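Below is one structure, written out as structure tokens; comments come after it.
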Amino acid sequence: MEIKANAENIKTWLETINTFNSTPEFGTTRVLFTDVEVKAREYVKSEMRKLNLKVHEDAIGNIFGVLEGTRPELPPIWTGSHIDTVLNAGMFDGMSGVVAGLEAVRLIQANNLKHERNIIVVVYTSEEPTRFKLGCLGSRAMAGKLDEKQAKELIDDDGNTLYKVLTKLGFPVQDFDKVPIKKGSVYGAVELHIDQNGVLEKAGKPIGIVKTICAPSVFDVEVVGKQSHAGGTTMEDRQDAFMATAEIALALEKLGKTSQSEYTTTTIGRVQVIPNAVNVIPGKVIFSIDIRDCDYDYKNDLIAKLKEEIKAIAKKRNVVVNITQYNNDYPMKCDENIIKKLEAACEKENTSYIKTISGAFHDSMLVGEFAPVAMIFVPSKDGISHSPNEWTDFADIAAGANILTDVLVELANEV
């Protein structure tokens, strides 16, 4: 390519998307289908149209910006990511992949690069589980793992179902059965994303090529003990829901640290203590568990061991533990053919790289159910993400966009 990716374009897009933010005083918060998220969607669609992309949305709100090829009847190539965030996050997670996709299609047109297949920039609906406690809603529906019935069962904290919100916003919910993508209908998908554990920065490499995307299993756990007086109840007579929770947390941590898998993480990120008073022994604790692994069998083995640990703790402490599982996703191995193309593109662009594992899940994990996928990582400062301190240099995203463009064009001409 004679014309290379422009860091200023990327900066402008990211900073403008970041203005759609419900917590400007503390990081970036853009929760699915809130006013700011809907406005961000409209902005991205308008920028797609400026780039001569044909824009449409499906019943769950996935956005598609289509750059037509010379043989549009062929299965297309996808790129893209998400624009929703967790609470009080940064401006790069997800959004970098969307704007890199926009810059890639700009480069393809600016350099008059021939491409036979359509190249589509996708904005996936709600990669983050912030509103409905389940991540990757858009790509999950594409993979046939979230249907209309489930959309009517997913409820946010205000009692609204996903289906009700989609209906209110005017999405074509009558076409929910058209959201799933048949295997073979997409030729390949490449997602650019920021590195979220600092491995690139530590290695001094501008590009990471992902080998495997770890998959989550997410649970809500309710521990029920007996609420009683902090001074009046002896240590022997307590049925302390919080202390049982603490013991479960330590057991979970130990299982994560001693796992024999190449990559395992275990996390408790949300805790509600009831009644949450200084002089009251908690009668109930509700908390989340997030378990991730690059190997499905290792993950299931850990879950089974955790349940045995919980059973023993509940018996010892005389509490009742109820567990609700939301998902148990499969890790996704990235496509070797696309990985080789990414390696060749890095060599062509004289850009050094390493191969890495993604501990974070991404929409590509579910897109991989129906299409070959690969991911490009670009460095993040100190590996910080899901934080107001999240930062990736715009020039690093531009360097990734050059690699992305090369591979998208090669795939689009592979017939």
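Fair warning: this is a prediction, and the values are worked out from it, not measured in the lab. Residue indices begin at 1 and follow the sequence shown.
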Q) Would you say the side chains of His386 and Asn88 form a donor-acceptor pair under 3.5 Å? A) no
Q) How long is the span from the CG atom in Asn112 to the NE2 atom in His115, to the nearest 0.5 Å? A) 10.0 Å
Q: Could you tell me whether Asp177 atom CG has more than 12 heavy atoms of other residues or ligands within 6.0 Å of it?
A: yes
Q.
Between Tyr296 and Asn328, is there a side-chain donor-acceptor contact under 3.5 Å, judged purely by atom types and distance?
A. yes
Q) Can you check salt bridge (Lys or Arg N to Asp or Glu O under 4.0 Å) on Glu309 and Lys305, steps first, answer last? A) CA-CA 6 Å; Glu309 292 272 7; Lys305 288 176 179 176; over 6 Å; no
Q. Within a radius of less than 6.0 Å around CD of Gln174, do more than 12 heavy atoms belonging to other residues, nucleotides or ligands occur?
A. yes
Q) Does atom CE of Met91 have more than 12 heavy-atom neighbours from other groups under 6.0 Å away? A) yes
(Q) If I compare all heavy atoms of Met365 with all of Ile213, which pair ends up nearest, and what's the gap? (A) N-CD1, 3.8 Å
Q. When you look at CD of Glu2, are more than 12 heavy atoms from neighbouring residues, nucleotides or ligands closer to it than 6.0 Å?
A. no
(Q) Looking at Glu414 and Lys341, is there a salt bridge between them, counting it only when a charged N and a carboxylate O are closer than 4.0 Å? (A) yes
Q: Please determine, by modelled atom types, if Asp293 and Thr264 share a side-chain donor-acceptor pair under 3.5 angstrom.
A: yes
Q) Are Asp156 and Arg131 within salt-bridge range, i.e. N to O under 4.0 Å? A) yes
Q: Output yes when Lys50 and Glu47 qualify as a salt bridge under the 4.0 Å nitrogen-oxygen rule, no when they do not.
A: yes
Q. Is there side-chain contact between His362 and Ser358, with heavy atoms separated by less than 4.5 Å?
A. yes
Q.
Using 30° and 60° as the class boundaries, would you call the ring planes of Tyr43 and Phe20 parallel, tilted or perpendicular?
A. tilted
Q: State, yes or no, whether a side-chain contact exists between Lys183 and Glu369 at a heavy-atom distance under 4.5 Å.
A: no
Q | Asn9-Glu103 side chain donor-acceptor pair, cut-off 3.5 Å | A | yes
Q) Between Ile10 and Phe394, which heavy-atom pair has the shortest distance, and what is it? A) CG2-CD2, 4.2 Å
Q | Minimal non-hydrogen separation, Val186 against Ala371, with atom names | A | O-CB, 3.5 Å
Q | Pair Arg41, Thr125: side-chain N/O donor-acceptor within cut-off below 3.5 Å | A | yes
Q | Ion pair check, Asp220 and Lys133, cut-off under 4.0 Å | A | yes
Q.
Testing the basics here: between Cys346 and Ile209, what is the closest heavy-atom pair and its distance to 0.1 Å?
A. SG-CD1, 4.4 Å
Q) Would you say Lys164 has more than 12 foreign heavy atoms packed within less than 6.0 Å of its NZ? A) no
Q) Does Arg292 come within less than 4.0 Å of Asp290, counting only side-chain N to carboxylate O? A) yes
(Q) Between Phe33 and Phe171, does the ring-ring contact (aromatic ring centres under 6.0 Å, His included) criterion hold? Intermediate values first, please. (A) CA-CA 11 Å; Phe33 295 146; Phe171 288 101; 5.4 Å; yes
**Q.** salt bridge (Lys or Arg N to Asp or Glu O under 4.0 Å) assessment of Lys257 paired with Glu253
**A.** CA-CA 6 Å; Lys257 285 184 173 181; Glu253 181 185 47; 3.8 Å; yes
Q.
In the structure I gave you, are the side-chain heavy atoms of Thr79 and Leu408 within less than 4.5 Å of one another anywhere?
A. yes
Q: Could you check if a side-chain atom of Val221 sits within less than 4.5 angstrom of a side-chain atom of Asn322, using non-hydrogen atoms only?
A: no
Q | Ionic contact status for Asp406 with Lys348, cut-off 4.0 Å | A | yes
Q.
Can you confirm if the NZ or CZ of Arg117 lies within 45° of the ring axis of Tyr187 and under 6.0 Å from the centre of its six-membered ring?
A. yes
Q. Is there a side-chain contact between Thr392 and Ile397 (heavy atoms, below 4.5 Å)?
A. yes
(Q) Check this for me: Gln325, atom CD, are more than 12 non-hydrogen atoms of other residues, nucleotides or ligands nearer than 6.0 Å? (A) yes
Q. When you look at NZ of Lys114, are more than 12 heavy atoms from neighbouring residues, nucleotides or ligands closer to it than 6.0 Å?
A. yes
Q: Have a look at Phe377 and tell me which of Asp195, Leu192, Ile194, Val199 forms a side chain to side chain contact (heavy atoms under 4.5 Å, CB included) with it.
A: Asp195
**Q.** Asp35 vs Lys39, salt bridge (Lys or Arg N to Asp or Glu O under 4.0 Å): CA-CA, chis, key distance, verdict
**A.** CA-CA 6 Å; Asp35 183 59; Lys39 288 178 179 176; 3.1 Å; yes
Q. Just checking, is any N or O donor in the side chain of Asn18 or Thr28 under 3.5 Å from an acceptor N or O on the other one?
A. yes
Q: Take His56 and Phe64 through the test ring-ring contact (aromatic ring centres under 6.0 Å, His included) and record every step on the way to the result.
A: CA-CA 5 Å; His56 66 276; Phe64 304 85; 4.9 Å; yes
Q | Arg140 vs Asp329, salt bridge (Lys or Arg N to Asp or Glu O under 4.0 Å): CA-CA, chis, key distance, verdict | A | CA-CA 10 Å; Arg140 193 175 296 277; Asp329 294 325; 3.0 Å; yes
Q | For the student: nearest non-hydrogen atoms of Thr85 and Gly90, plus distance | A | CG2-O, 4.3 Å
**Q.** Pairwise side-chain contact, Val224 with Val319, heavy-atom cut-off 4.5 Å (strictly under)
**A.** no
Q: Could you pull out the closest heavy-atom pair between Gly225 and Ala241, with the gap in Å?
A: N-CB, 4.0 Å
Q. How far does CD of Glu57 sit from CG of Asn62, to the nearest 0.5 angstrom?
A. 9.0 Å
Q) Quick one: are Phe219 and Ile268 in side-chain contact, heavy atoms under 4.5 Å? A) no
Q.
When you measure from the centre of the six-membered ring of Tyr163, is the NZ or CZ of Lys152 closer than 6.0 Å and no more than 45° off the axis?
A. yes
**Q.** Mutual orientation of the aromatic rings belonging to Trp78 and Phe370 [parallel < 30°, tilted 30-60°, perpendicular > 60°]
**A.** perpendicular
(Q) Between Glu343 and Lys355, does any side-chain N to carboxylate O distance fall below 4.0 Å? (A) yes
Q) Side-chain contact, heavy-atom cut-off 4.5 Å: Pro206 with Leu200? A) no
Q: Flag the pair Lys381 and Glu390 as a salt bridge only when some basic side-chain nitrogen lies within less than 4.0 angstrom of an acidic carboxylate oxygen.
A: no
